[in-house]
Amino acid sequence: DFIKEAPKDFVLDSTIIQLSTFKDDRQLKETKDNYVEALESALQFENVFHDTILSAYFRRHLRLTFCEENYFFLKEVRDVKAKGLLKKRSWMDETRLIELEGKVSETDILKQKIMSVYEHYIVDGRKYEVNIPQKVKLAVIQEVEAERWDTDIFDRAETEISRILKHDSFERFKKHYIYDHLKRAFFVKFSQRNFVTGDTVKGDAARNSGASGGKVSGSWQPRETTTSGISGLSASGSLERGRMARSNSVKGGAVEF
């Protein structure tokens, strides 16, 4: 079942060995189990702001469904709560940012961050205005008009948008064809870190295999390989076809699982 779910065009070298060939090979079974565990762990909503591949593909889906502003809003609210200067994002309209000059205090910086979120996502008619309940919006407006600069000013709005993204947008994303492309991209990323090629154990497998001198265990014979490619997808979310080459000086076979 596992090999059936793997991309059909995923070929690392000229020698491909099915996992079923090594039913008793503990190292390969552990690698397979690690892949399944890593996939389930990585593709969780909680990781959309931490995992670059997941973030890129999820944002692509949000852009296609015309709700990317929700992602931008949560990203900037996190910046409000973090220490340091305002992070100028590519989607920001700099004409709506408060410019700080001379010696500034932490309150000045916090005000600049809050007003950036307010101007971009709360004010009616803005390009990235988020869809939140009116009473939540009014509460934020009252806080801003009263000049109460506090990091929790957007907490209720953040809760609303997080709920929408997690229980609506992310669930739709998991049913979209882009999600299948994401799983392929993750497979490629995992393979680069963990694949066993030739006589050398790569990545985490090298640390956990216990093989003497880094040699690969298994009842197969390595053979001369040449440069090969992987037809895949870029992590940028553009769904382009990418290619990844391995050195033709490598001797050995590859394990696909």
Side-chain angles (χ1 to χ4, degrees), residues 41-100 104-179 182 236-238:
S41 176
L43 304 188
Q44 299 289 328
F45 173 76
E46 289 71 19
N47 293 328
V48 295
F49 295 105
H50 307 294
D51 187 281
T52 54
I53 293 180
L54 176 60
S55 175
Y57 278 84
F58 185 48
R59 280 182 56 188
R60 174 68 173 177
H61 172 71
L62 293 176
R63 191 176 304 126
L64 291 174
T65 53
F66 305 102
C67 53
E68 193 177 19
E69 69 277 359
N70 290 334
Y71 177 92
F72 293 159
F73 172 76
L74 292 184
K75 192 79 170 175
E76 285 201 54
V77 168
R78 287 167 178 254
D79 289 347
V80 169
K81 297 181 178 182
K83 293 183 178 181
L85 298 173
L86 171 72
K87 296 180 181 179
K88 294 186 178 181
R89 309 287 184 180
S90 60
W91 58 81
M92 290 181 177
D93 181 353
E94 294 199 12
T95 63
R96 302 193 183 282
L97 300 180
I98 297 176
E99 292 295 333
L100 300 179
V104 296
S105 65
E106 291 185 4
T107 301
D108 294 329
I109 295 172
L110 181 58
K111 176 183 177 180
Q112 183 194 41
K113 291 180 178 179
I114 290 174
M115 289 305 297
S116 173
V117 175
Y118 178 77
E119 287 287 345
H120 282 94
Y121 309 102
I122 304 299
V123 175
D124 291 337
R126 293 292 191 253
K127 179 180 178 180
Y128 294 123
E129 179 188 354
V130 292
N131 185 16
I132 55 177
Q134 188 65 18
K135 62 180 181 180
V136 175
K137 174 179 283 193
L138 289 175
V140 173
I141 294 174
Q142 289 173 0
E143 291 291 302
V144 170
E145 290 179 345
E147 297 190 357
R148 298 191 185 97
W149 313 121
D150 201 318
T151 55
D152 64 0
I153 188 172
F154 300 111
D155 278 3
R156 292 175 63 189
E158 181 183 19
T159 299
E160 288 291 331
I161 297 302
S162 294
R163 180 185 59 80
I164 293 172
L165 279 185
K166 182 174 183 178
H167 298 294
D168 183 67
S169 298
F170 198 74
E171 291 303 312
R172 292 174 184 270
F173 169 59
K174 285 161 48 173
K175 298 175 183 177
H176 199 275
Y177 72 88
I178 290 180
Y179 189 73
L182 167 62
S236 66
S238 60

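Residues: numbered from 1 along the sequence shown.
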Starting at [atom1] of [X], measure out to [atom2] of [Y] and round the result to the nearest 0.5 Å.
{"X": "Lys174", "Y": "Glu171", "atom1": "NZ", "atom2": "CD", "result": "4.0 Å"}
{"X": "Phe58", "Y": "His176", "atom1": "CZ", "atom2": "NE2", "result": "12.0 Å"}
{"X": "Ile122", "Y": "Glu143", "atom1": "CD1", "atom2": "CD", "result": "12.0 Å"}
{"X": "Lys113", "Y": "Glu76", "atom1": "NZ", "atom2": "CD", "result": "10.5 Å"}

Which residues share a side-chain hydrogen bond (donor to acceptor under 3.5 Å, both in side chains) with Asp150, sequence neighbours left out: none
Validation row, ring centre His120 to ring centre Tyr128 under 6.0 Å: no
Tyr71-Phe49 aromatic ring centre distance below 6.0 Å: yes
Of the non-hydrogen atoms in [X] and [Y], which two are nearest, and what is the gap between them?
{"X": "Glu69", "Y": "Tyr121", "result": "O-CE2, 4.0 Å"}
{"X": "Asp124", "Y": "Glu129", "result": "OD1-OE2, 3.4 Å"}
{"X": "Ser169", "Y": "Leu62", "result": "CB-CD2, 3.8 Å"}
{"X": "Leu43", "Y": "Leu182", "result": "CD2-CD2, 3.8 Å"}

Indicate yes or no: at least one non-hydrogen side-chain atom of [X] is less than 4.5 angstrom from one of [Y].
{"X": "Val48", "Y": "Ser55", "answer": "no"}
{"X": "Asp108", "Y": "Lys111", "answer": "no"}
{"X": "Tyr118", "Y": "Ile141", "answer": "yes"}
{"X": "Met115", "Y": "Val144", "answer": "yes"}
{"X": "Lys135", "Y": "Arg156", "answer": "yes"}
{"X": "Leu86", "Y": "Ile109", "answer": "no"}
{"X": "Pro133", "Y": "Val136", "answer": "yes"}
{"X": "Arg172", "Y": "His61", "answer": "yes"}

Geometric class of the Phe173/Phe170 ring pair [parallel <30°, tilted 30-60°, perpendicular >60°]: tilted
Parallel, tilted or perpendicular: ring planes of Phe154 versus Phe73, cut at 30 and 60 degrees: perpendicular
side-chain contact (heavy atoms from CB on, under 4.5 Å) between Ile178 and Leu64, worked out: CA-CA 10 Å; Ile178 290 180; Leu64 291 174; 3.3 Å; yes
Flag, side chain of Asp168 to backbone of Leu165, donor-acceptor distance under 3.5 Å: no
Asp155 backbone acceptor or donor facing Thr159 side chain under 3.5 Å: yes
Criterion side-chain contact (heavy atoms from CB on, under 4.5 Å) against Thr151, the qualifying member of Leu110, Val77, Ile114: Leu110
Salt bridge (Lys or Arg N to Asp or Glu O under 4.0 Å) partner of Glu158, chosen from Arg163, Lys81, Arg78: Lys81
Residues in side-chain contact (heavy atoms from CB on, under 4.5 Å) contact with Gln134, at least two apart in sequence or another chain: Lys137, Leu138
Within 6.0 Å of CG in Asn131, more than 12 heavy atoms from elsewhere: no
Side chain to side chain donor-acceptor pair (under 3.5 Å) pairs, two or more places apart, involving residues 41-51: Glu46-Lys166
